[in-house]
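Have a look at the structure below before the remarks.
In what follows, chains carry the letters A, B, and so on, assigned in the order in which the sequence lines appear, proteins first and then strands, with residues in each chain numbered from 1.
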Protein chains: 2
Amino acid sequence: MNPQKIPDIIIGRLPVYLRSLQHMAEKGISTTSSKELGESVGISAAQIRKDISQFGEFGKQGTGYSIHFLIKKLNEILKVDRVWDVALVGAGDIGHALAHYQGFFNCGFKITMVFDNDPAKIGEQIGDFEIFDAANMVEIIQTTGIKVAMLTVPASEAQAVADKLVESGIKAILNYAPISLNAPPDVHVQHIDPVVHLQRMTYYLD
Amino acid sequence: MNPQKIPDIIIGRLPVYLRSLQHMAEKGISTTSSKELGESVGISAAQIRKDISQFGEFGKQGTGYSIHFLIKKLNEILKVDRVWDVALVGAGDIGHALAHYQGFFNCGFKITMVFDNDPAKIGEQIGDFEIFDAANMVEIIQTTGIKVAMLTVPASEAQAVADKLVESGIKAILNYAPISLNAPPDVHVQHIDPVVHLQRMTYYLD
DNA sequence: TAGATTGTTAATCGATTAACAATC
DNA sequence: TAGATTGTTAATCGATTAACAATC
């Protein structure tokens with residue numbers, strides 16, 4: 001399926017296409033075109049076609065793409081045609097918001113455990129989960145074989161906790177701490193920082 | 001200061017440099033080099049120098065950059081040498097987490113008002129703020145002249161609320177709803193969606 | 001069939017890197 | 001001074017766009 005390496009930048013756009021296609025599917029639409037999909041996500045039709053064609057011939061001349069079929073293919077490509085168990089590390093405000101977030105459903109992810117190092121929180125319930133002691137985190141994650149984690153601890157602890165996640169065998173970290181994490185090349189890190197996103201916009205304001 | 005247009009992609013990296021420089025400053029370090037800064041954020045030294053040199057000659061051959069001076073310049077360039085009032089729209093879990101978030105301090109942003117349309121929430125306190133009725137949002141934002149908003153309403157309402165924000169004169173929207181927003185070209189939109197970030201990583205997992 | 005839209009090629013455009021003179 | 005590091009140029013690399021034959 002991957003004869004040659006697909007650029008990161010293309011992989012990064014696929015989830016956005018997927019999200020838009022799922023909205024179309026929910027509305028009961030069955031077919032779309034590169035033009036329509038492009039307008040809905042703000043990307044040129046040519047680029048949509050080029051991106052998709054990296055993985056196969058999923059469209060039909062004259063009619064466009066079957067939304068159902070394209071969703072299926074994108075789910076397979078992104079490996080979210082399954083459910084990834086996710087460890088949530090840090091039971092503060094952001095951790096609570098993520099634990100309650102409904103948006104992971106049907107997108108390939110399910111939070112299955114929560115860790116914190118605060119004795120006052122350990123043992124408490126957060127949604128459906130009991131908060132586990134972070135001291136046991138490495139062992140538990142190694143045993144369960146979880147590969148994906150979300151990191152919502154304070155910036156001052158983030159690198160140390162990330163190192164422990166790497167030690168645990170975690171291969172994908174979604175980092176909410178406002179700090180650039182160092183990780184080995186085989187561990188993927190994505191970063192969410194509202195300040196970075198806001199500062200990207202103020203440049204353009206008066 | 002901007003003789004020619006600076007590419008978006010460069011502007012997008014500046015907040016990351018800034019965050020790393022601020023961490024260095026907090027540690028009491030006074031000078032850095034493109035090599036050191038590049039290693040800390042995972043970008044080549046050549047690119048760091050090229051990016052920074054778009055805006056002036058802020059470094060010194062042989063010694064590198066004064067961290068204090070470079071922070072000052074980046075703050076000015078990104079227009080966060082001031083404090084932008086921010087409207088938070090949506091008082092759900094994510095809204096609460098943002099209202100309590102300490103990370104906006106000293107980064108150029110301050111949430112100054114919170115809106116929701118749920119009668120049960122209107123009038124309640126969320127941190128230091130009273131939750132206002134979203135029905136009055138357009139008028140209040142117009143009156144106060146706020147330009148920046150964070151949108152944490154359900155996906156089903158997000159486009160309608162975004163349209164009202166645009167009507168209010170908002171020029172920068174940080175969107176937490178899992179949907180691609182349409183906005184006029186003079187309104188900047190940034191999107192934070194944990195599912196998109198997670199799906200970007202699973203492609204690379206086994 | 002006629003109209004629409006794909007997949008793909010070639011051309012254009014833009015971003016990154018390597019190298020080095022300038023100079024602190 | 002000698003060593004280090006910038007700012008900048010030119011070369012390389014990669015991404016986007018435009019165009020169109022193929023074909024549904």
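Listed pair R49(B) / dT6(D) meets the phosphate criterion, a side-chain N or O lying under 4.0 Å from OP1 or OP2. For dT16(C), one of the phosphate oxygens OP1 or OP2 lies less than 4.0 angstrom from a side-chain nitrogen or oxygen of R13(B). For Q47(B) and dT16(C), the shortest distance from a side-chain N or O to OP1 or OP2 is below 4.0 Å. Between S44(B) and dT17(C), a side-chain N or O to OP1/OP2 separation shorter than 4.0 Å is present. Under 4.0 angstrom from either OP1 or OP2 of dA4(C) there lies no side-chain N or O belonging to Y65(A).
Closest-nucleotide positions on DNA chain D for K50(A) and S53(B) were compared, and the one nearer the 5' end corresponds to S53(B). Nucleotides of DNA chain D nearest to D8(A) and S34(B) differ in position, and the one nearer the 5' end is that of S34(B).
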Exercise. Once Watson-Crick and G-U wobble pairs under 3.5 Å are found, how is DNA chain C written in dot-bracket notation, 5' to 3', with | for any base paired to another strand?
Worked result: ..||||||||||||||||||||||
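dT6(D) atom P lies 10 Å from atom CD of E36(B), rounded to whole Å. Note: NZ (K60(A)) to C1' (dG3(C)) measures 17 Å, nearest angstrom. The NZ atom of K35(A) sits 17 Å away from the P atom of dG3(C) (whole-angstrom rounding). Atoms CD1 (I48(A)) and C1' (dT5(C)) sit 14 Å apart, rounded to a whole Å. Taking atom CD1 of residue I43(A) and atom P of nucleotide dT16(D), one finds them 8 Å apart after rounding to whole Å. The separation between I11(B) atom CD1 and dA15(C) atom C1' is 15 Å, rounded to whole Å. For the pair I6(A) CD1 and dA15(D) C1', the computed distance is 14 Å after rounding to whole Å. Taking atom CG of residue L37(B) and atom P of nucleotide dG7(D), one finds them 12 Å apart after rounding to whole Å.
The side chain of E57(A) approaches dT8(C) more closely than any other nucleotide in the set dT23(C), dC24(D), dT8(C). Among dA15(C), dT8(D), dT17(D), the nucleotide with an atom closest to any side-chain atom of A46(A) is dT17(D).
At a threshold of 4.0 Å, the pair D186(B)-K171(B) counts as salt-bridged, since one of the basic side-chain nitrogens sits closer than that to a carboxylate oxygen.
In this structure, a donor-acceptor pair under 3.5 Å is absent between the side chains of D8(B) and Y203(A). D51(B) and Y17(B) are linked by a side-chain donor-acceptor pair at a separation below 3.5 angstrom, with hydrogens and angles left out of the test.
Between the side chain of Q190(A) and the backbone N or O of P194(B), no donor-acceptor pair lies under 3.5 Å.
The aromatic ring centroids of Y101(A) and F104(A) lie less than 6.0 Å from each other.
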For this session: Dump the intermediate steps for side-chain hydrogen bond (donor to acceptor under 3.5 Å, both in side chains) on S20(A) and S180(B), then the final yes or no.
Result: CA-CA 7 Å; S20(A) 189; S180(B) 295; 5.6 Å; no
For this session: Could you give me the CA-CA distance, side-chain angles and deciding distance for V89(B) and T152(B), then say whether side chain to side chain contact (heavy atoms under 4.5 Å, CB included) is met?
Result: CA-CA 6 Å; V89(B) 187; T152(B) 63; over 6 Å; no
